[in-house]
Asks: 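Following this message is one structure expressed as structure tokens.
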Amino acid sequence: MKYNPNYIDYSYDGEYLNKKFIKEFIKFRKENNLTQEVFSEFSKCSREKIARIENGSHSPTVLSLLKILGPIGYTIKIVKVKDNIFPPF
């Protein structure tokens, strides 16, 4: 199976993307005027779990994220990382 070598980009490691995800997760919650408490009530997830995700001490599974986001009308999606979407810190 051939692949396009221009499509594969190794410059983004998991730790970097995790930090960016956490920033986006917090931004999403705040832009929707949700406290951790209210977010947890809507998503049927504990406030403590939301806090652990946001402070980086808990790395949620895909299923956990779907359970958190689904009840409030959101999902997750695989997208190509682009420099203009994830600029350095």
Asks: Which atom pairs, one a donor and one an acceptor, fall under 3.5 Å between side chains of residues 71-78 and the rest of the protein, sequence neighbours left out?
Replies:
none

Asks: Determine all donor-acceptor pairs shorter than 3.5 Å in which one atom belongs to a side chain in residues 62-69; sequence neighbours excluded.
Replies:
| from | atom 1 | to | atom 2 | distance (Å) |
| --- | --- | --- | --- | --- |
| Ser64 | OG | Lys49 | NZ | 3.4 |
| Ser64 | OG | Thr61 | OG1 | 3.1 |

Asks: Once side-chain contact (heavy atoms from CB on, under 4.5 Å) is applied, do any residues pair with Glu48, and if so which ones, sequence neighbours excluded?
Replies: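 Glu48 satisfies side-chain contact (heavy atoms from CB on, under 4.5 Å) with Ser46, Arg52 once adjacent residues are dropped.
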Asks: Check Thr35 against Val38 and note the closest heavy-atom contact, atom names and distance.
Replies: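 Of all heavy-atom pairs spanning Thr35 and Val38, the closest is OG1-N, 3.0 Å.
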Asks: Would you give the length of the straight line joining atom NZ of Lys23 to atom CG of Asn18, rounded to the nearest 0.5 angstrom?
Replies: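 If we round to the nearest 0.5 Å, Lys23:NZ and Asn18:CG are 13.0 Å apart.
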Asks: So, taking the atom named CD1 in Ile22 and the one named NZ in Lys20, what distance separates them when rounded to the nearest 0.5 Å?
Replies: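 It comes to 11.5 Å.
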Asks: By the side-chain hydrogen bond (donor to acceptor under 3.5 Å, both in side chains) test, which pairs, at least two apart or in different chains, include something from residues 25-34?
Replies: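 Found Arg29-Glu54.
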Asks: At their closest point, which heavy atom of Ser40 faces which heavy atom of Cys45, and how far apart are they?
Replies: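 Smallest heavy-atom distance, with atoms named: CB-O, 2.7 Å.
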Asks: With sequence neighbours left out, which residue pairs that include part of residues 29-60 fulfil the ring-ring contact (aromatic ring centres under 6.0 Å, His included) condition?
Replies: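 Pairs touching residues 29-60 that pass the test: Phe25-Phe39.
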Asks: Taking atom CD1 of Ile26 and atom CD1 of Ile50, what is their separation to the nearest 0.5 Å?
Replies: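 Spacing of CD1 (Ile26) from CD1 (Ile50) equals 11.0 Å.
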Asks: Which pairs pass salt bridge (Lys or Arg N to Asp or Glu O under 4.0 Å) with one or both residues in residues 32-47, sequence neighbours excluded?
Replies: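 Non-adjacent pairs meeting salt bridge (Lys or Arg N to Asp or Glu O under 4.0 Å): zero.
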